[in-house]
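Here is the structure we will look at.
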Number of protein chains: 2
Amino acid sequence: MAQVKPMRADARRNRERLLRAAAGVFAEHGAGASLDDIARRAEVGTGTLYRHFPTRQALLEAVYLESVEAIAARADTIAAARQPGAALVAWLGELAVGMLQVRGLKALLGTAVTGAEAVAGRADGADRADRACGDCVRGAAERLVRAAQEAGAVRGDVAPIDVLRLVHGVVTACESAGETDGTAVRRYLSLLMEGLTRA
Amino acid sequence: MAQVKPMRADARRNRERLLRAAAGVFAEHGAGASLDDIARRAEVGTGTLYRHFPTRQALLEAVYLESVEAIAARADTIAAARQPGAALVAWLGELAVGMLQVRGLKALLGTAVTGAEAVAGRADGADRADRACGDCVRGAAERLVRAAQEAGAVRGDVAPIDVLRLVHGVVTACESAGETDGTAVRRYLSLLMEGLTRA
DNA sequence: ACCTGAACACCGTTCAAGT
DNA sequence: ACCTGAACACCGTTCAAGT
């Protein structure tokens, strides 16, 4: 229901410029980067940024939507090529590496996927936009986790959302370790799968 | 080596006021609360706050030092009363609940315990102060993890720091789930110990 | 309909002036 | 030696004025 009428030419152009600028600035300074910076780099008034993206989350969502969709799509590709248990692990690995290496992706998915959000905001359009990214990832996770559970490869008493939250936690663990390469994340991920118990 | 000379009476009093005010404000608004607020509530100039606590981390450290020491001390109490494996799990549970319920404690331990810190800061006094809290918790974790490993209750290929990072991640998972009561954290913790694999 | 940029409120940090 | 609070730089957000 979003955009029935096409945007005015200058609006469309400014939106494009903002997205490009935001991608660059987020990549350089992380998801908390200055919005002023983004508007300046896009050569656009700050008000214009707010008109197009009323919240930082909305901007993050727009910038990373394609990446998120690509990750979600990978779930089906992987599921078709592997056993359910191995497929889940492989996909979680790709997801985690993405969150770790693409700055901003973790911030976006952290709030979009895991549910609870900041205290300040009311449930408005921004939340709706979040859901686009969140649904994508949650849907993929649900398919893979359910399949793995039916195949007896994953415990039946964990929900897909639990798995996503724990992966988010694992990525946080890697960040605080200062290890942003894939090997560290994969190691923590396998610890999570197999558990710390047992010698 | 810190304070050879005793502080001037007014300085000591202001330090006390700042700590009390900070504890209150952190409890109300979280670890990112306004430092101005704290100075105002302590009825002290902002410069005084900076004189006593040059960084937010230094202030967090001072406010929560006693809590952290208490948690670390619990490790030995628990270790004396239980089998090594059960002791580790019990202590990690207490640690996680503390980080989840005492606002600010997670922020403090997140950076103090897990090692890597913000990009901006140089390695100065604040880092040294961090280490007081960090050493406390790391030391306790090392004793419990080593004991559990020797008893064959925990895999040998995980380091104590890995365990702390993963617990930090689990707490993050709980936060994003909006569940701040102990049961949620204990559940995630047991998932971490036993692993997600196996039906 | 959309854009602009000044204006406002807020915060962290520093420092000259005071005692 | 320590305290104070004004001053500065920066950021997010809004909105009256423009096209």
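In what follows, every chain begins at residue 1, and chains take the letters A, B, ... in the order their sequences are listed.
- Side chains of Leu35(A) and Tyr50(A) form a contact here, defined as non-hydrogen atoms less than 4.5 Å apart.
- Listed nucleotides: dT14(D), dC2(D), dT4(C). Nearest to the side chain of Tyr50(A): dT14(D).
- In the set dC2(C), dC2(D), dG12(C), the nucleotide with an atom closest to the side chain of Ala11(A) is dC2(C).
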Show me, pair by pair, the donor-acceptor contacts under 3.5 angstrom made by side chains of residues 96-104 of chain A, not counting sequence neighbours?
| residue | atom | partner | partner atom | Å |
| --- | --- | --- | --- | --- |
| Gln101(A) | NE2 | Thr180(A) | O | 3.2 |
| Arg103(A) | NH1 | Glu28(A) | O | 3.2 |

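- Here the P atom of nucleotide dG12(D) and the CG atom of Leu60(A) are 12 Å apart, to the nearest Å.
- If you measure from atom CG of Leu49(A) to atom P of dG12(D), you get 10 Å, rounded to the nearest angstrom.
- For Phe53(B) and dT13(C), the CZ to C1' distance is 17 Å, given to the nearest whole Å.
- The side chain of Asn14(B) places an N or O atom within less than 4.0 Å of a non-bridging phosphate oxygen (OP1 or OP2) of dC3(D).
- The interatomic distance linking Arg13(A) (CZ) with dT4(C) (C1') rounds to 13 Å, in whole Å.
- Rounding to the nearest 0.5 angstrom, the gap separating the CD atom in Glu43(B) from the CG atom in Asn14(B) is 10.5 Å.
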Secondary-structure string, 5' to 3', Watson-Crick or G-U under 3.5 Å, | for another-strand partners, for DNA chain C: ||.|||||...|||||.||
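- If you measure from atom CG of Leu59(B) to atom C1' of dT13(C), you get 15 Å, rounded to the nearest angstrom.
- Here the nucleotide nearest the side chain of Arg51(A), chosen from dC3(D), dA1(C), dC3(C), is dC3(C).
- In this structure, the nucleotide among dC2(D), dC2(C), dG12(C) sitting nearest to the side chain of Asp10(A) is dC2(C).
- At whole-Å resolution of the value, CE in Met7(B) and P in dA1(D) are 13 Å apart.
- At the phosphate of dC3(C), OP1 or OP2 sits under 4.0 Å from a side-chain N or O atom of His52(A).
- Here the CZ atom belonging to Arg74(B) is positioned 15.5 Å from the CD atom belonging to Glu69(B), to the nearest 0.5 angstrom.
- The closest side-chain heavy-atom distance from Leu95(A) to Val171(A) is not below 4.5 Å.
- Summarising the geometry, the separation between CZ on Arg12(B) and P on dC3(D) is reported as 13 Å, rounded to the nearest angstrom.
- Proximity of residues 20-47 of chain B to DNA chain D (heavy atom under 4.0 angstrom from any strand atom) is restricted to Val44(B), Gly45(B), Thr46(B), Gly47(B).
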